[in-house]
Amino acid sequence: GAGVSQSPSNKVTEKGKDVELRCDPISGHTALYWYRQRLGQGLEFLIYFQGNSAPDKSGLPSDRFSAERTGESVSTLTIQRTQQEDSAVYLCASSSTGASWEQYFGPGTRLTVT
Amino acid sequence: GQQLNQSPQSMFIQEGEDVSMNCTSSSIFNTWLWYKQDPGEGPVLLIALYKAGELTSNGRLTAQFGITRKDSFLNISASIPSDVGIYFCAGLQGAQKLVFGQGTRLTINP
């Protein structure tokens with residue numbers, strides 16, 4: 001079946017604007033993760049959704065970042081009042097219950113804040 | 001927060017050579033994973049290690065979970081051009097969160 005998809009693939013925005021990034025997980029995967037990857041760096045955990053449980057937001061860097069997920073489907077990551085340091089690739093991953101370490105990643109959204 | 005230290009940060013090798021990279025942590029992890037990331041793509045899982053001392057192979061790849069549970073290595077034998085990319089180690093924190101290393105960038109000269 002289809003893998004994890006993300007949109008848009010690239011986003012250029014002006015400093016101070018809000019942006020929304022979308023993730024479509026693999027069908028049937030109950031867990032969904034968002035990561036940030038700065039240029040030349042590893043992945044930083046942002047937020048984790050598991051079924052109907054309260055999300056783990058411990059990785060969100062500031063209150064400008066928020067994410068929602070509808071049931072076990074699409075998730076959106078919103079960054080308000082974007083700053084230049086928000087420029088990065090934002091990766092989404094999903095996994096099935098009981099196999100959280102086998103996360104399947106989407107191709108990412110490259111965000112550039114000018 | 002917890003960090004994983006990967007080394008080397010980059011490698012330049014000739015096609016056909018063997019490659020070795022490792023990952024260390026100040027904390028214990030109960031699961032170690034190795035991912036490969038190609039340009040413009042998300043990371044893809046290569047090998048998962050669940051038990052201290054475990055040695056696991058996947059084709060030309062071999063990875064080991066250190067006995068102290070604070071380190072892991074990945075070996076690639078007889079490298080080929082498609083091995084080019086960035087390799088990340090990751091440790092499973094608790095039941096759900098992955099902590100990633102900074103990556104090892106592999107470049108292969110034909």
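Chain letters run A, B, ... following the sequence lines, proteins first, then strands; residues in each count from 1.
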Heavy-atom contact with chain B under 4.5 Å, split by part of Gln6(A): neither

Contact origin within Gln9(B) toward chain A - heavy atom pairs under 4.5 Å: neither

Parallel, tilted or perpendicular: ring planes of His29(A) versus Tyr104(A), cut at 30 and 60 degrees: tilted

Engaged part of Ser58(A) at the chain B interface, taking heavy atoms whose separation is under 4.5 Å: side chain

Gap separating the CZ atom of Phe65(A) from the CG atom of Asp86(A), nearest 0.5 angstrom: 4.0 Å

Partner of Phe100(B) by ring pair (Phe, Tyr, Trp, His ring centres under 6.0 Å), out of Phe45(A), Tyr35(A), Tyr33(A): Tyr35(A)

Rounded distance [0.5 Å steps], CD1 in Ile47(A) versus OG in Ser66(A): 8.0 Å

Interchain contact, Leu91(A) with chain B, by part (heavy-atom threshold 4.5 Å): side chain

Max heavy-atom pair count under 4.5 Å with chain A, selected residue of Ala48(B), Pro43(B), Gly103(B): Pro43(B)

Rounded distance (nearest 0.5 Å) linking atom OH of Tyr90(A) with atom CD of Glu44(A): 8.5 Å

